[in-house]
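Please read the structure below before turning to the comments.
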Protein chains: 2
Amino acid sequence: MREDIHTAGVPLLCVSCEARHRGICGALNSEQLVALAKSTKRYKAKAGKELMGDSRSVERFSNVLSGVVKLTKTLSDGRQQIVGLQFAPDFLGRPFRSESTLSAEAATDVELCSFPRQALERMIKEQPDLEHRLLEQKLRELDQARDWMVALGRKTASEKIASFLLMIVRNIDPAAGPERRGAAFDLPLSRAEIADFLGLTVETVSRQITRLRSENVIRIENNRHVIVDDIERLATRAGD
Amino acid sequence: MREDIHTAGVPLLCVSCEARHRGICGALNSEQLVALAKSTKRYKAKAGKELMGDSRSVERFSNVLSGVVKLTKTLSDGRQQIVGLQFAPDFLGRPFRSESTLSAEAATDVELCSFPRQALERMIKEQPDLEHRLLEQKLRELDQARDWMVALGRKTASEKIASFLLMIVRNIDPAAGPERRGAAFDLPLSRAEIADFLGLTVETVSRQITRLRSENVIRIENNRHVIVDDIERLATRAGD
DNA sequence: CGAGGGCTTGATTGATCTCAACTGGGGTGG
DNA sequence: CCACCCCAGTTGAGATCAATCAAGCCCTCG
């Protein structure tokens, strides 16, 4: 591969960065990347780390470079709902003020590339295609949110679990084409988090996972590692 | 009001159109409006009319000028979930292809202003601010979708109903400031539709509405007309 | 007046929640 | 090195909220 042609003048930080390929940075040329990289900070966060409190850090946006970030909303009495999961190379942040509040937390260890709100907004003026990418990303998030609304509102507990596993399979390595029959991966979420994602309790999640396992739809090692031999078979359980 | 200044050269069709004020057309100047208006068609549809099937009419976008449009998703076995409601002057349509399918239907009688996909895309090239408006709108929809995910996943039946009524109050005339105590409006949805929106059954919706009524939180006339004397009191029941 | 659709109400069922006990692995400190 | 603890996960038994099944009511419309 003649990567050198495309990487001429690209900041070292960005050379192998996925956000430059599938993420929003793909809208930028070398010069613009250099400019943006000036105010860019790349860092890692441990699982559990809060990345964006209701108000804190609204002033920075990030690209997710690796790992999984969960977006949650909490009711006053503590009930929680995960309203989104972000995988690399998703864009993390809510441009232009939001009325609704949500917080972001590292679900697994994550790697982020963050930059100040202003830097992004300045860059948008210069390169409108950046805003286009942003729109595409947010449209995808909207599609996903709506798919989950169906699951939350109308699917049974076991359908929810199957849908969830399917969603992880599809995001963990989207590289693999749709023709593959099996997959293996680590769950990015604990049982409690899965429950918060699916609007269930931990116990119900556990029981349904056990059921899928005893029906040989999935195998599990170490509580976190899942092996799916026949994705189609799992898809059957998802309901849609 | 010196509307004449701002309406000079504006197509007749657009003069008093809300989309020009709060909607996406606000991004356009008179000339651009004239250009767009050439391929624009304004029309009314009766409640129940399908506006956008899974594939049909993806080639046109619309502004909702009056009335309410519901966006629904359906599982293979017929279970339905309403995943969004659009009020004037919302933009209706999914630019740039979607993987996820959804259909749009007039919930009440509606008035639409529609234009071909191409016209919009051409106009975006000329006026990037149009894309910005689109992004803002979709971000709002995303915020709303996530609020509903919390309701669907974590709220009780009666909290769901209260949240729903509250949402309608806030959308039906957002003009009225947050200081007003009461409100009266017609429900844009039937009981069955409310059920599809909240992930409940018709019976549960009916019972919970009855309960709110017997507790004097709301009054109801003709099954559709709702009077809320104390919005705060209703908000208390919504859970957040 | 009779029929049908939308809505309500009642009785019962059932999926999921709640509460509680137990298990197993990993880490800690004596 | 081992005993202990702690936490995540599992499993069981019983309670509960909403679904289901079944009438019945109230408009509107023919």
Side-chain angles (χ1 to χ4, degrees), chain A residues 46-48 70 75 77-82 105 107-108 151-165 186-215 218-226 237 239, chain B residues 46-48 70 75 77-82 105 107-108 151-165 186-215 218-226 237 239:
Chain A
K46 286 275 168 213
K70 61 176 184 176
L75 297 178
D77 64 357
R79 281 174 289 176
Q80 259 200 346
Q81 176 69 44
I82 296 183
E105 188 182 319
T108 63
L152 288 170
R154 291 303 186 196
K155 288 188 182 176
T156 65
S158 74
E159 287 171 334
K160 286 179 180 179
I161 296 288
S163 306
F164 170 72
L165 293 175
D186 280 327
L187 287 175
L189 303 185
S190 70
R191 300 292 188 272
E193 289 171 319
I194 297 174
D196 279 345
F197 190 55
L198 299 176
L200 301 171
T201 57
V202 202
E203 294 93 328
T204 302
V205 170
S206 177
R207 282 188 246 270
Q208 296 303 333
I209 289 184
T210 300
R211 195 164 142 242
L212 281 181
R213 187 169 42 172
S214 67
E215 290 172 341
I218 57 174
R219 284 179 288 151
I220 296 192
E221 290 167 5
N222 301 328
N223 275 342
R224 283 283 190 137
H225 193 71
V226 178
R237 315 297 180 102
Chain B
K46 284 277 169 209
K70 61 176 186 177
L75 297 178
D77 64 359
R79 282 175 288 177
Q80 258 199 348
Q81 176 68 44
I82 295 182
E105 187 181 319
T108 63
L152 288 170
R154 291 303 187 198
K155 287 187 183 176
T156 64
S158 74
E159 288 170 334
K160 287 179 180 179
I161 296 288
S163 306
F164 170 72
L165 292 176
D186 280 329
L187 286 175
L189 304 184
S190 69
R191 300 293 188 271
E193 288 171 319
I194 297 175
D196 279 345
F197 190 56
L198 299 176
L200 301 171
T201 57
V202 202
E203 294 93 328
T204 301
V205 169
S206 176
R207 281 187 246 272
Q208 296 302 336
I209 289 183
T210 300
R211 195 163 142 243
L212 282 181
R213 187 170 42 174
S214 66
E215 291 172 341
I218 57 175
R219 282 180 288 151
I220 296 191
E221 289 167 5
N222 300 330
N223 276 342
R224 284 283 190 139
H225 193 70
V226 178
R237 315 296 181 103

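Here the structure is a predicted model, which means the values were calculated and not measured. Proteins come first, then strands; the chains are lettered A, B, ... in the order of their sequence lines, and each starts at number 1.
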To the nearest angstrom, how far is Leu189(B) atom CG from dC7(C) atom P? 10 Å
Check Ala195(A) against Arg154(B) and note the closest heavy-atom contact, atom names and distance. O-NH2, 3.1 Å
So Leu187(A) and Phe164(A), side chain to side chain contact (heavy atoms under 4.5 Å, CB included) or not? Walk me through it. CA-CA 10 Å; Leu187(A) 287 175; Phe164(A) 170 72; 4.0 Å; yes
d(CD, Glu221(A); C1', dG25(C)) in whole Å: 16 Å
Rounding to an integer number of Å, can you tell me how far Leu152(B) CG sits from dT16(C) P? 15 Å
How close or far is atom C1' of dG25(C) from atom CZ of Arg224(A), stated in whole angstroms? 14 Å
Salt bridge (charged side-chain N to carboxylate O under 4.0 Å, His left out) involving Lys160(B) - partner list, sequence neighbours excluded: none
Interatomic distance where CG belongs to Leu198(A) and P belongs to dC17(C) [whole Å]: 10 Å
Atom-pair distance (CD1 on Ile194(A); P on dT16(C)), nearest Å: 16 Å
Output the rounded distance in Å from CD1 (Ile209(B)) to P (dT9(C)). 11 Å
How many whole angstroms separate atom CD of Glu193(B) from atom P of dG5(C)? 16 Å
Side-chain donor or acceptor of Gln80(B) paired with backbone N/O of Leu75(B) under 3.5 Å: no
Which letters describe nucleotides 16-30 of chain D, given B = protein heavy atom under 4.0 Å from base, S = only from sugar-phosphate, - = neither? --SSBB---------
When you measure from the side chain of Arg237(A) to the backbone N and O of Ile161(A), does any donor-acceptor pair fall under 3.5 Å? no
Can you measure from OG1 (Thr108(B)) to NZ (Lys70(B)) and round to the nearest 0.5 angstrom? 11.0 Å
Report which part of the nucleic acid Ser206(B) touches: base, sugar-phosphate, or nothing (heavy-atom distance under 4.0 Å, all strands). base
